[in-house]
Amino acid sequence: MHIQEVINSFPFTIKSQLRPVSYHPGDIIIHEGDEVLYGFIFISGTVDVIKSDIQGRKYIVTKNHTGEFCSLMDIYSNHTIQCATIQAVTDVIGYKLKKRHCLELLSTQCLFQEYLITTWATQFYSTNTNNTRYPMYSFKYKLIDFLLTQNNSPSMCKEIVITIKRDELASSLGSSRRTLFRLIKELKEDNLISIEKNSIRISITQQAALIKVFDEWE
């Protein structure tokens with residue numbers, strides 16, 4: 001079922017409160033730390049979910065996320081402050097709805113409730129699977145998985161270039177800087193990645209080799 005079908009099922013009193021929104025690549029849709037005033041329902045586009053660590057350094061939690069709902073979890077859990085920054089990766093089109101109307105929607109019986117529960121359950125399962133996929137000692141494979149997912153193309157047709165700061169990458173993977181630096185050094189010595197100035201570069205040949213290492217581990 002497409003999200004637009006769910007929106008069409010909203011009661012008129014709520015549907016009339018929807019405000020169309022659109023964002024272009026790079027636009028900040030939500031700022032971490034801002035007051036929660038609206039919920040967002042997106043019908044197309046992808047976003048990055050960005051958070052700050054305890055030292056204020058930003059890192060990407062989820063890249064190219066196709067999530068259809070933003071801020072609804074914060075609203076329904078009674079949070080008053082946005083827990084993450086949401087930035088458009090592609091053109092994003094959807095609607096925003098004031099906080100009080102989001103709460104009204106949650107208490108109104110319609111297709112939305114079933115769709116939302118199914119969506120969140122799927123996301124929870126996916127997140128839980130991802131978090132338990134790697135034992136604590138396998139940061140190497142978590143790092144390889146991260147590196148390979150930076151290719152936005154459905155196939156290995158171009159070199160991957162990653163410019164994320166090492167501190168941010170360590171925070172994102174949940175590892176120490178020392179562990180991350182050691183693993184990057186190992187991958188470089190095994191000719192699985194290349195380092196050029198402040199960038200990690202992975203050729204098509206290296207991508208294939210990394211996939212082989214990852215598959216053998218799984």
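Here the structure is a predicted model, which is why all the values come from computation and not from measurement.
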| query | Which pair of heavy atoms, one from Leu18 and one from Phe10, lies closest together, and at what distance? | reply | CD1-CD2, 4.0 Å
| query | Between Lys96 and Lys98, does a side chain to side chain contact (heavy atoms under 4.5 Å, CB included) hold up when you go through it step by step? | reply | CA-CA 7 Å; Lys96 69 178 182 180; Lys98 287 183 179 180; over 6 Å; no
| field | Shortest non-hydrogen separation from Pro25 to Val89 and the atoms involved | value | CB-O, 3.3 Å
| query | So, Glu68 side chain and Ile41 main chain: donor-acceptor pair closer than 3.5 Å or not? | reply | no
| If you measure from CD on Gln82 to NZ on Lys51, what distance do you get to the nearest 0.5 Å? | 10.5 Å
| field | Asp74 backbone acceptor or donor facing Ser71 side chain under 3.5 Å | value | no
| Backbone N/O of Tyr95 and side chain of Tyr38: donor-acceptor pair under 3.5 Å | no
| With a 4.5 Å limit on heavy-atom distance, are the side chains of Gln206 and Asn191 in contact? | yes
| said: Would you say Leu143 ends up clustered with Val213 if hydrophobic residues are merged whenever their side chains have heavy atoms under 4.5 Å apart, either directly or through other cluster members? | reply: yes
| Charged N to carboxylate O under 4.0 angstrom, Arg100 versus Glu104? | no
| Spacing of Glu159 atom CD and Ser199 atom OG [to the nearest 0.5 Å] | 9.5 Å
| request: Quick one: closest heavy-atom pair of Val47 and Ala88, and the distance? | output: CG1-CA, 4.2 Å
| query | About how many Å separate CD1 of Ile14 and OG of Ser107, when rounded to the nearest 0.5 Å? | reply | 7.0 Å
| Closest non-hydrogen atom pair between Val49 and Ile86, with its separation | CG2-CD1, 3.9 Å
| field | Side chain Lys99, main chain Ile75, donor-acceptor under 3.5 Å | value | no
| At what distance, to the nearest 0.5 angstrom, does CG of Leu37 lie from CG of Leu97? | 12.5 Å
| said: Show, in sequence, the C-alpha distance, side-chain angles and deciding distance for Leu147 and Leu187, and conclude whether the side chain to side chain contact (heavy atoms under 4.5 Å, CB included) test is met. | reply: CA-CA 11 Å; Leu147 296 176; Leu187 294 179; 3.9 Å; yes
| field | Single-linkage hydrophobic cluster, 4.5 Å side-chain cutoff, Ile144 and Val161 together | value | no
| said: Using side chain to side chain contact (heavy atoms under 4.5 Å, CB included), reason through Leu111 and Asn8 one step at a time and then give a plain yes or no. | reply: CA-CA 9 Å; Leu111 265 175; Asn8 292 341; over 6 Å; no
| request: Taking the side chain as every heavy atom from C-beta outward, state whether Phe40 and Val92 have any pair of such atoms under 4.5 Å apart. | output: no
| note | One should read off an interatomic distance between His79 NE2 and Met73 CE, to the nearest 0.5 angstrom, of 9.5 Å
| Can you list the steps and then say if Cys70 with Ile29 is a side chain to side chain contact (heavy atoms under 4.5 Å, CB included)? | CA-CA 9 Å; Cys70 286; Ile29 301 171; 6.0 Å; no
| note | side chain to side chain contact (heavy atoms under 4.5 Å, CB included) test vs Ile3 passes for just one of Phe42, Phe112, Tyr115, namely Tyr115
| task | Rounded to the nearest 0.5 Å, what's the gap from CG on Leu192 to CD1 on Ile200? Could you check? | result | 12.0 Å
| Which pair of heavy atoms, one from Glu32 and one from Cys83, lies closest together, and at what distance? | OE2-O, 3.7 Å
| task | Measure from the side-chain N and O atoms of Thr90 to the backbone N and O of Thr46, and report whether any donor-acceptor pair falls under 3.5 Å. | result | yes
| said: Is there a continuous path of hydrophobic side-chain contacts, each under 4.5 Å between heavy atoms, that joins Leu72 to Ile93? | reply: yes
